Amino acid sequence: MKGKDNVFIMDHPLIQHKISQLRDIHTGTNEFRKCIEEIAMLMGYEALRDLPLKDVEVETPIETCVTPKIAGKKLAVVPILRAGLGMVGGILALVPTAKVGHIGLYRDPVTCEPHEYYCKLPEPIEQRTIVVVDPMLATGGSGSEAVDFIKQHGGKHIKFMCIIAAPEGLQCLRRNHPDIQIYVGHVDRGLNEHAYICPGLGDAGDRIFGTK
Ligand code: PRP
Ligand code: URA
């Protein structure tokens, strides 16, 4: 994992291999969904490496020992609907006790501006480490707005995880929220005239849910 200025790029070969599978137009819904979840788990493994530990006493079959377990702040996963839902299972596989919030946003097809239609976050949000998940960071409008909502509700310790980012979206999210950690599977070339990521993988929500 390469990190600079709170942005961490995943260069692990397993993640890169699976992203290539996602890009392929011939990858069907079932395989696509599975791949999104696996990538989320592999990225989560890296993104959660700073979770605090505390020593606890455990009795092994041989003797009693003091050994570390995850401590401190509780975790919340917050997918941006719809496509972020595909990544939730990957994080829950790592931390099954995490709570799940939801932020519903859709991009207006003409203006590409994000519109909110739902927001429900687990309390007390200010005491949790929050991992916002969305496979795509295109203009960065949806990601920035989702982090705005979480901050307005009191969220403080925020990580943003996306599988593919455009440089424009990354710049926008960093500019609006310089205090959060951003984890990216791959940074692509840029956006086309419809604000789709190139080469990208198409419409992540439609490919996960088999719509359109
Ligand atoms: C997609 C994607 C992001 C957003 C990224 O969602 O999952 O949320 O677009 O674009 P942006 O960075 O330019 O805001 P979309 O609005 O297509 O909704 P969906 O997940 O319901 O399909
Ligand atoms: N949303 C997607 O699903 N794909 C893109 O390329 C851009 C926004």
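On a predicted model such as this, the values are computed, not experimentally measured, just so you know. Start at 1 and go down the list; that is how both ligands and their atoms are numbered.
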Side chain, backbone, both or neither: which part of A83 has a heavy atom under 4.0 Å from ligand 2? neither
By number and element, which atoms of ligand 2 are closer than 4.0 Å to a non-hydrogen atom of A195? 7 (C)
Which residues pass the side-chain hydrogen bond (donor to acceptor under 3.5 Å, both in side chains) test with Y106, sequence neighbours left out? none
Just jot down the ligand 2 atoms closer than 4.0 angstrom to any heavy atom of M136, in number order. 2 (C), 3 (O), 4 (N), 5 (C), 6 (O)
Does the ring of F32 carry R23 above it, NZ/CZ under 6.0 angstrom from centre and within 45° of its axis? no
A204 heavy atoms, cut-off 4.0 Å: which ligand 2 atoms fall inside? 2 (C), 3 (O)
Does ligand 1 have any N/O pairs with the protein under 3.5 Å, and how far apart?
residue	atom	partner	partner atom	Å
ligand 1	7 (O)	D134	OD1	2.8
ligand 1	8 (O)	D134	OD2	2.4
ligand 1	12 (O)	A138	N	2.9
ligand 1	12 (O)	T139	N	3.1
ligand 1	12 (O)	G140	N	2.9
ligand 1	13 (O)	R107	NH1	2.7
ligand 1	13 (O)	T139	N	2.9
ligand 1	13 (O)	T139	OG1	2.6
ligand 1	14 (O)	S142	N	2.9
ligand 1	14 (O)	S142	OG	2.5
ligand 1	16 (O)	R107	N	2.8
ligand 1	20 (O)	R82	N	3.1
ligand 1	20 (O)	A83	N	3.1
ligand 1	21 (O)	R82	N	3.2
ligand 1	21 (O)	R82	NE	3.0
ligand 1	22 (O)	R82	NE	3.4
ligand 1	22 (O)	R82	NH2	2.9

How far is atom 5 (C) of ligand 2 from its nearest protein heavy atom, and which residue and atom name does that atom have? Y196 CD2, 3.3 Å
For G202, the ligand 2 atoms whose distance to one of its heavy atoms is below 4.0 Å: 2 (C), 3 (O), 4 (N), 5 (C), 6 (O)
Using a 4.0 Å cutoff against the non-hydrogen atoms of A138, which atoms of ligand 2 qualify? 7 (C), 8 (C)
Just so I know, are the side chains of I91 and M161 near enough to count as touching, which here means a heavy-atom distance under 4.5 Å? yes
Does any non-hydrogen side-chain atom of V131 lie less than 4.5 Å from one of Y183? no
Proximal ligand 2 atoms for I197, defined as those under 4.0 Å from one of its heavy atoms: 5 (C), 6 (O)
